[in-house]
Asker: 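Below are the structure tokens for one structure; questions will follow.
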Number of protein chains: 2
Amino acid sequence: MIQPVPTSPGTGRKRPTIRDVAREAGVSYATVSRVLNGREWVSPEAFRAVRDAIARTGYRANPHARSLATGRSGSIAFLLTEPQHLLFEDPNFSVLLRGVAQALSGRELTLILMIASTPDERDRAVAYLSGGHVDGVLLVSPHSGDPLLAQLVRAEVPIVACGRVLGYEQVISSVAADDRGGARSAVEHLIAAGCRRIATIAGPQDTSGGVDRLHGYADALTAHGLPVEPDRIGHGDWTRGSGAETMRALLRRAPDLDAVFAASDAMAAAALPVLRAAGRAVPEDVRVVGFDDSGLAATLDPPLTTVRHPLDRISEEMVRLLTDVIAGRTPLAVTVPTSLVLRSSSPAPA
Amino acid sequence: MIQPVPTSPGTGRKRPTIRDVAREAGVSYATVSRVLNGREWVSPEAFRAVRDAIARTGYRANPHARSLATGRSGSIAFLLTEPQHLLFEDPNFSVLLRGVAQALSGRELTLILMIASTPDERDRAVAYLSGGHVDGVLLVSPHSGDPLLAQLVRAEVPIVACGRVLGYEQVISSVAADDRGGARSAVEHLIAAGCRRIATIAGPQDTSGGVDRLHGYADALTAHGLPVEPDRIGHGDWTRGSGAETMRALLRRAPDLDAVFAASDAMAAAALPVLRAAGRAVPEDVRVVGFDDSGLAATLDPPLTTVRHPLDRISEEMVRLLTDVIAGRTPLAVTVPTSLVLRSSSPAPA
DNA sequence: CTGAAAGCGCTTACAG
DNA sequence: CTGAAAGCGCTTACAG
């Protein structure tokens, strides 16, 4: 039979408190608290007595009482604001989550996940996060128009975002890849390989990743005296579906393209079969470069040349930065360098 | 500039408390509390005064103080214990999560997610969940050997599992599809279509879904006087990879098979190309039936006949049952019926 | 090194 | 209908 929660009114035996432990150990409960919090000024005997009493009574601290007294919760949230289908489609989230969990393993912080993919869920998440349930929030893939941003900022919740938050650069700390530099290096690689009519499948323009990778594309063309043709620029939303669709549109608008730089591996992956179906060989007729170096990239046919998105470094820095922000430091934007990974979809120029 | 958390020691202005609201409204703070909790015995004037004062001060209740006083947290956890890759591969989790969020939208409960896919994460999750941070836990796809189960049960955390928890049937409430009946109906459909050498790709035998669907398979064969051949039974772990591998093994061991019942759509999906590669036409040479009716099923080639897993009903019942368990009711096992969805991979018999 | 005491911000019987 | 008061279980200066 399931026992009701010990703290439920009037049911079951009561959960032991710090006073029970103190009585059991023969010390004051202040001493128990000192042991619990690893503070100094506890004699070895007292320490031992308390440890044993805790074991005997099965004591576990009440987190609410502790949080009320200290003013912190001991947990941070990993907040996903994408529509849920994308969330489970995009491996970047999974990798980032794994990295954050890893980075947290040394610290006294628990990670909780929240998904806000509908307006109702958003309001609930905001209420929860701004109410003090968590000490801070890791914001994943924020879009600049999201009303959640203003609410969270107004509630003064410590935040670190993955990618700069457009319009909030001064108030929300962020960790981002060098999206612009990475994109530029990708396109310069294509230029070095002899491509002159390079198209791009850009990401959403309300995210810094989408904007910066498009800027990097234009930077490279301009630097090499090549025109930036609107017909060679298509817009996707990171998903495979949008990648395929945009690739088809590009082939229609700019049939003479000799290379494609896609702002994500997922979109590049979807572009490959579209090119094949149009009779273009990759890389012979059209070179393709992606962005992310997700698990996907190496398994594609042909394996994808791509810009490595250093999500391991990013998640690590996000956690470090969030603890700083929680401690009251002013916001900061951290940028992590990228690197180009050459594979068959666009090998090194001969 | 980011303001530090208002509750941080010695920084920023203090967050308003119930006393500030009371002063502002010209009532006692007990009255404010009554308004906050929607209790009776508040005059309309007092009510209005408090409402206005709350708006003016921007008051939000401190959840820790409230939880300390009431003994409940107002949140429940959705706990995933699968290795993370599976989690993002299996659409069932996503659908279940969506359903639970939906079911919760009418209640005063916030949903938080926890992922425990490594031993370290498991220990942290157990500490968090059994410490009183949440009022209850929704356990998704528990495996009977998981040490987390014993820890959670010992800590007397209210739990509702998706699928019966083998070995814990008496202490952990659960909501499951009629896996056995659903599997049986799938195999009876194959028998009715004239198949006599039906193979199965079973799920993991430490989950009730895996066990029951295999039982249902055997039930149908036995009921129709057909032998249950070990060579026609392969074991997967729900993943596509395992589905492909198991299908190959079955073709080796039982090359004369004329139908395959896979315990999940994902495994069925992976079996299809293996059959094709072996020169078996679906459904002409080999009929294939899956289980779940996930989004995948209709998009396969050929579209998959499958047993509908009623995850919407299941998530709804899980939430309802968990509130019961939290309220102290004894455990219960709820079973939701399934139905067979016919598509081209095994159409209705002529 | 240790204990008594105040305080964290609420809820909830208990008197009125 | 409303207020004064106890209590939820901790932490943390403050005396000793």
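Letters go in sequence order (proteins before strands), and every chain restarts at 1. This one's a predicted model, so the numbers in the text were calculated from it and none came from an experiment.
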Asker: Let me have the donor-acceptor pairs involving side chains of residues 105-116 of chain B, under 3.5 Å, with sequence neighbours excluded, atom names and distances please.
Answerer:
unit_1   : atom_1 : unit_2   : atom_2 : d
B/Ser105 : OG     : B/Gln102 : O      : 2.8

Asker: Looking at B/Tyr29, I'd like to know whether one of its side-chain N or O atoms comes within less than 4.0 Å of OP1 or OP2 on C/dT12.
Answerer: no
Asker: Between C/dC8 and A/Thr70, is there an OP1 or OP2 to side-chain N/O distance shorter than 4.0 Å?
Answerer: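 No.
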Asker: Output all residues satisfying side-chain hydrogen bond (donor to acceptor under 3.5 Å, both in side chains) with A/Ser141, sequence neighbours left out; order by chain, then residue number.
Answerer: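 In terms of side-chain hydrogen bond (donor to acceptor under 3.5 Å, both in side chains), with neighbours along the sequence ignored, A/Ser141 is linked to A/Glu82.
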Asker: Separation of B/Leu68 atom CG from D/dC8 atom P, in whole Å?
Answerer: 9 Å
Asker: Mind checking which stems touch DNA chain C? I mean at least 3 consecutive Watson-Crick or G-U pairs, both distances under 3.5 Å.
Answerer: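 Correct response: C:1-3 with D:14-16, C:5-12 with D:5-12, C:14-16 with D:1-3.
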Asker: Please report, rounded to the nearest Å, how far the P atom of C/dG9 is from the NE2 atom of A/His64.
Answerer: 16 Å
Asker: Does a side-chain N or O from B/Ser33 land closer than 4.0 Å to OP1 or OP2 of C/dT11, or not?
Answerer: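 The answer is yes; a side-chain N or O of B/Ser33 sits under 4.0 Å from OP1 or OP2.
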Asker: Residues in side-chain hydrogen bond (donor to acceptor under 3.5 Å, both in side chains) with B/Ser73, at least two apart?
Answerer: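 For B/Ser73, the residues satisfying side-chain hydrogen bond (donor to acceptor under 3.5 Å, both in side chains) (neighbours in sequence not counted) are B/Ser75, B/Asp135.
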Asker: Looking only at the side chain of B/Ala69 (C-beta and beyond, no hydrogens), which of the listed nucleotides D/dG9, D/dG3, C/dT11 gets closest?
Answerer: C/dT11
Asker: Using a cut-off of 4.0 Å on non-hydrogen atoms, how would the nucleic acid contact of B/Phe47 be classed: base, sugar-phosphate, or nothing?
Answerer: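 Here B/Phe47 touches no strand at all.
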Asker: Would you mind reading off the distance between B/Arg60 atom CZ and C/dC8 atom P, rounded to a whole angstrom?
Answerer: 18 Å
Asker: What distance, rounded to whole Å, do you find between the two P atoms, one in C/dC14 and one in C/dC10?
Answerer: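 Straight-line distance between the two P atoms is 24 Å.
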Asker: In whole Å, I'd like the distance from the CZ atom of B/Arg19 to the P atom of D/dG3.
Answerer: 14 Å
Asker: Under the rule for side-chain hydrogen bond (donor to acceptor under 3.5 Å, both in side chains), what residues qualify as partners of A/Glu24, not counting sequence neighbours?
Answerer: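 With neighbours one apart ignored, the set is A/Arg56.
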Asker: Expressed in angstrom and rounded to an integer, what is the separation of B/Asn62 atom CG from C/dT11 atom C1'?
Answerer: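 To the nearest whole Å, that distance equals 13 Å.
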Asker: Nearest-Å distance, CZ (A/Arg15) to P (D/dC8)?
Answerer: 14 Å
Asker: Starting at NE2 of B/His133 and ending at P of D/dC10, how long is that distance when rounded to a whole Å?
Answerer: 13 Å
Asker: Measure from CD1 on A/Ile18 to P on C/dA4 and round the result to the nearest Å.
Answerer: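 Rounded to the whole Å, the gap is 14 Å.
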Asker: Pick from B/Leu138, B/Val95, B/Leu97, B/Leu96: which one makes a side chain to side chain contact (heavy atoms under 4.5 Å, CB included) with B/Ser315?
Answerer: B/Leu96
Asker: For B/Asp123, give me all partners under side-chain hydrogen bond (donor to acceptor under 3.5 Å, both in side chains), at least two apart in sequence or on another chain.
Answerer: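 So B/Asp123 forms no side-chain hydrogen bond (donor to acceptor under 3.5 Å, both in side chains) with any residue.
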Asker: Among A/Val325, A/Val153, A/Val160, A/Leu152, which one satisfies side chain to side chain contact (heavy atoms under 4.5 Å, CB included) with A/Ile172?
Answerer: A/Val153
Asker: Of the nucleotides D/dC10, D/dG3, C/dC10, which has the atom closest to the B/Ala61 side chain?
Answerer: C/dC10
Asker: Answer with yes or no whether B/Arg34 presents, from its side chain, a donor or acceptor under 3.5 Å of a partner atom in the base of D/dG3.
Answerer: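 Between D/dG3 and B/Arg34, which were checked side chain against base, a qualifying N/O pair under 3.5 Å is present.
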Asker: Could you tell me whether the phosphate oxygens of D/dC8, OP1 or OP2, come under 4.0 Å of any side-chain nitrogen or oxygen in B/Ser67?
Answerer: no
